[in-house]
Number of protein chains: 2
Amino acid sequence: MTSRKGSSRNLHTQVVENLGESIVGGVFQPGDPLPGEAQLANELAVSRTVLREALKVLAAKGLIETRQKTGMRVRDSRYWNHLDADVLGWRCASLPTDDFVEKLVEMREIVEPAAVMTAARRREPAQLEAIREALAAMEDAQTLDEWAEADLHFHQAVLLATNNELLSSLFSVIETALGTFFVMSARTAKNFKYSLPHHRAVYEAIRRRRPNEAAAAMHTMIEDSRANMRKSRRRK
Amino acid sequence: MTSRKGSSRNLHTQVVENLGESIVGGVFQPGDPLPGEAQLANELAVSRTVLREALKVLAAKGLIETRQKTGMRVRDSRYWNHLDADVLGWRCASLPTDDFVEKLVEMREIVEPAAVMTAARRREPAQLEAIREALAAMEDAQTLDEWAEADLHFHQAVLLATNNELLSSLFSVIETALGTFFVMSARTAKNFKYSLPHHRAVYEAIRRRRPNEAAAAMHTMIEDSRANMRKSRRRK
DNA sequence: CAGATCATATTTGTTGGACAATTGACAAGC
DNA sequence: GCTTGTCAATTGTCCAACAAATATGATCTG
């Protein structure tokens, strides 16, 4: 069952994911020299051209650096683009550590309350409507998957309503955080809608242009989800 | 004067920068189809192999997408990795708009006060020492360049002291924000050390483990720099 | 023997060409 | 009008060769 989920579009994409997971997953430690292009291409059964395209992408994400004669080395994790969606994903490929999950929540606590404050001030009608639609989808959700999708849309719509694309780009972090949350709390799938009131409160505060209320509601929501994760973590 | 600053290391790096600036700079609008690989390689006078390595990097940064038969298209800016250091840099290649500068400051106001709070709680001795050294370098700075370098080190050291690499990765944004600030306030080079007391206050608060004081000091510092930029902008 | 100098081999960087795979567009047939 | 199938254009993949850089070790020199 070596068939990729659906990532078999391009060969270099597969190679990027393969090597990316290996590096982020610690198979290759920072400082370690990777096998040369020729050998690596052989091992992965791809041409050197394809391999090199993949290596350039990994270098662009800060994971490796290459120099002539010396070869390729895994860069210190201090230089990785930790906010890159792929890097975040690779980090959660093999169940994320509790430590990392806590860092994700920490980011949410910094970013999302600030984002809803900004959104409450600057949201345009169409952006508010997008948030409302996401909220409606959450209310109508019948399965955990439907809920998860609508939930992601809600938080993305909030970020977009800030009208600051730098802030919106942090959605990759929120997406990863929520994703791990869904996985961890999959067993408590009974009442997966428990956070609906929190979301409604955030929406209402944004609609009524009340930055502080929005931030407070968002803060409560995140604190709640953190507590829930701690619970299901202990249960494990 | 077509000689690059020093980026002439690799051909594909040059191509990435060339195309990246063109896309971010608006020469190619989102939705626009780029010329085919063959033609583009001819125009840039590089082999198709090199061009493709560059295109993969740009695709990794979310700037373009490629499909067979259809060709390449510039993606909607909603999908760009705005937090990527290169993308941020390209955005400031031709003097950044006031709008973008304001977004940068907005990010600072969200990230840095939160970061100093976390740093005040979790900093380790070596990390505090790194902040102190940066502060000392700022005190000793004789030129604007020396000051700028030390200032960057200070803010980076603070982010590292949070012990959250996701937060630390946002240094690319702070770096860009400070960089534009240095450029804009170059004419007021007389008293470029005016923010030294703010920095010292931040350091002291972190040293004494006072999260709230640290956040307040950082907030004041950023508000001050925003006011200064508005002034020098109006002067222009 | 210590140190500098130089040749060499190894690795990445770059090129050109060839063929495969995908797919939009168009034409043919029902 | 709709479906179906062919065609052509474009990216995807592979290969083989050479250029450029540079770590290593050999050689030369004091």
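In what follows, chains are A, B, ... by sequence order, proteins preceding strands, each numbered from 1. Bear in mind that the values here come from a model prediction, so they are computed numbers and not experimental data.
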Sugar-phosphate only, base, or nothing, as touched by B:Thr49 at under 4.0 Å among non-hydrogen atoms: base
Atom pair distance, as rounded to whole Å: [atom1] in [X] and [atom2] in [N]:
{"X": "A:Asn42", "N": "D:dC14", "atom1": "CG", "atom2": "P", "answer": "12 Å"}
{"X": "B:Gln39", "N": "D:dT11", "atom1": "CD", "atom2": "P", "answer": "10 Å"}
{"X": "A:Gln68", "N": "C:dT11", "atom1": "CD", "atom2": "P", "answer": "13 Å"}
{"X": "A:Lys56", "N": "D:dG12", "atom1": "NZ", "atom2": "P", "answer": "18 Å"}
{"X": "B:Leu51", "N": "D:dT10", "atom1": "CG", "atom2": "P", "answer": "14 Å"}
{"X": "B:Glu65", "N": "D:dT10", "atom1": "CD", "atom2": "P", "answer": "17 Å"}
{"X": "A:Glu53", "N": "D:dC14", "atom1": "CD", "atom2": "P", "answer": "10 Å"}
{"X": "B:Leu11", "N": "C:dG16", "atom1": "CG", "atom2": "P", "answer": "11 Å"}

Side-chain (B:Arg73) to main-chain (B:Pro33) donor-acceptor, under 3.5 angstrom: no
Test item: B:Gln127 side-chain N/O and B:Glu124 main-chain N/O as donor-acceptor pair under 3.5 Å: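 Yes; at least one donor-acceptor contact below 3.5 Å.
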Establish, with yes or no, whether the OP1 or OP2 oxygen of [N] is under 4.0 angstrom from a side-chain nitrogen or oxygen of [X].
{"X": "A:Thr66", "N": "C:dG13", "result": "yes"}
{"X": "A:Arg52", "N": "C:dG13", "result": "yes"}
{"X": "A:Arg9", "N": "D:dT11", "result": "no"}
{"X": "A:Thr70", "N": "C:dT11", "result": "no"}
{"X": "B:Arg67", "N": "C:dG24", "result": "yes"}

Using a strict cut-off of less than 4.0 Å between a Lys/Arg side-chain nitrogen and an Asp/Glu carboxylate oxygen, indicate whether [X] and [Y] qualify as a salt bridge.
{"X": "B:Lys61", "Y": "B:Asp86", "answer": "yes"}
{"X": "B:Arg122", "Y": "A:Glu106", "answer": "yes"}
{"X": "A:Glu129", "Y": "A:Arg132", "answer": "yes"}

C:dT14 base / A:Arg48 side chain donor-acceptor hit below 3.5 Å: yes
Earlier contact from the 5' end, DNA chain D, for B:Glu37 and A:Val50: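 Looking at the nearest nucleotide for each, B:Glu37 comes out on the 5' side.
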Nearest-nucleotide comparison on DNA chain D, the residue closer to the 5′ end among A:Lys69 and A:Val46: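 Its nucleotide being nearer the 5' end, the pick is A:Val46.
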